[in-house]
Amino acid sequence: MALISIILLSLIFFLWKYLKNQKWITKQNEANYKQQLKFIEKENELQIMQAVIQSEEAERKRIARDLHDGIGSRLSSLKMQISQLSSKDIPMLEIERITTDLNNSISDLRQTAYNLIPETLLKLGLELALQDLCISMATEKMPITFSAYEIQKNIKESNQITIYRIVQELLSNALKHSNCDEIFLECSQNDDLFLISFEDNGIGFNPNNMNNFTGLGLKNIQNRIAILNGKLDLKSSNSGTIFNIELHIQTNHE
């Protein structure tokens, strides 16, 4: 009886141990499954986000091309025709007024097309495009100091556009909302790592309430950072805002 009791107790102990192990294994499998689901969901979100942004950029290119080749050409042609008119047909003051309006329209059209897809980026590369962007957005009351280090021209074009849009959004947000009078922008590259350091001396905001600032374009910045598997370090106070962004880029190897 004692031997049978020992055997039964041993069986019960091993059964309890087995069931406990199985329960732990089941929990681990459930945790792994949930983690895999989260990973798949994140990957799907990134793919959808990337597809949307690529579609937006393709549409920007199409509209910019249509504006430049269509309306832009017609306005330039009309300007030439007006300049050939003599003062006998139309009073000189009227010609000057029409010419001024046309010049303004052509300038606005070119700026719109540039905002859609900057030619500098496509023709001369990211560094010059960023420099040109800073020059175009700076004012006497709000200078922009831009520094660039080791930025290569072999960065994949889609990555260049993403970086350009991030910087463009940072500058636009600062101009619209920060009430700053000085901006510092530094961009550098180390192989497949691209770093953006952005600082203004504006009024700042509460980073904990970023989800409430949908109008500031911060969500667009976050989305583009996520596409390049990047990281964002944000510090803001009533004395200014600092963005430190780390992006993982792709290059075209010859």
Heavy-atom pair of closest approach, residues [X] and [Y]:
X      : Y      : result
Leu171 : Cys134 : CD1-SG, 4.3 Å
Gly202 : Cys180 : N-CB, 3.5 Å
Glu246 : Leu195 : CG-CD2, 3.8 Å
Leu193 : Ile249 : N-CG1, 4.3 Å

Is the backbone N or O of [Y] less than 3.5 Å from a side-chain atom of [X], with the two atoms forming a donor-acceptor pair by type?
X      : Y      : answer
Ser172 : Gln168 : no
Gln152 : Glu150 : yes
Ser236 : Phe205 : yes
Asp132 : Leu128 : no
Asn201 : Gly240 : no

CZ on Arg165 to CG on Leu133, rounded to 0.5 Å: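 The CZ atom of Arg165 is 9.5 Å from CG of Leu133, to the nearest 0.5 Å.
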Spacing of Phe194 atom CZ and Ile163 atom CD1 [to the nearest 0.5 Å]: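 Those atoms lie 4.5 Å apart.
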Do [X] and [Y] sit in the same hydrophobic cluster, where Ile, Leu, Val, Met, Phe, Trp and Tyr count as joined when their side-chain heavy atoms come under 4.5 Å apart?
X      : Y      : answer
Phe184 : Phe243 : no
Leu232 : Phe198 : yes
Met137 : Met142 : yes
Phe146 : Leu175 : yes
Val167 : Ile242 : no

Ile151 and Cys187, any side-chain heavy atoms less than 4.5 Å apart: yes
4.5 Å side-chain heavy-atom contact, Ile203 and Asn238: no
Pairs meeting criterion side-chain hydrogen bond (donor to acceptor under 3.5 Å, both in side chains) with involvement of residues 190-200, two or more places apart: Ser197-Asn244
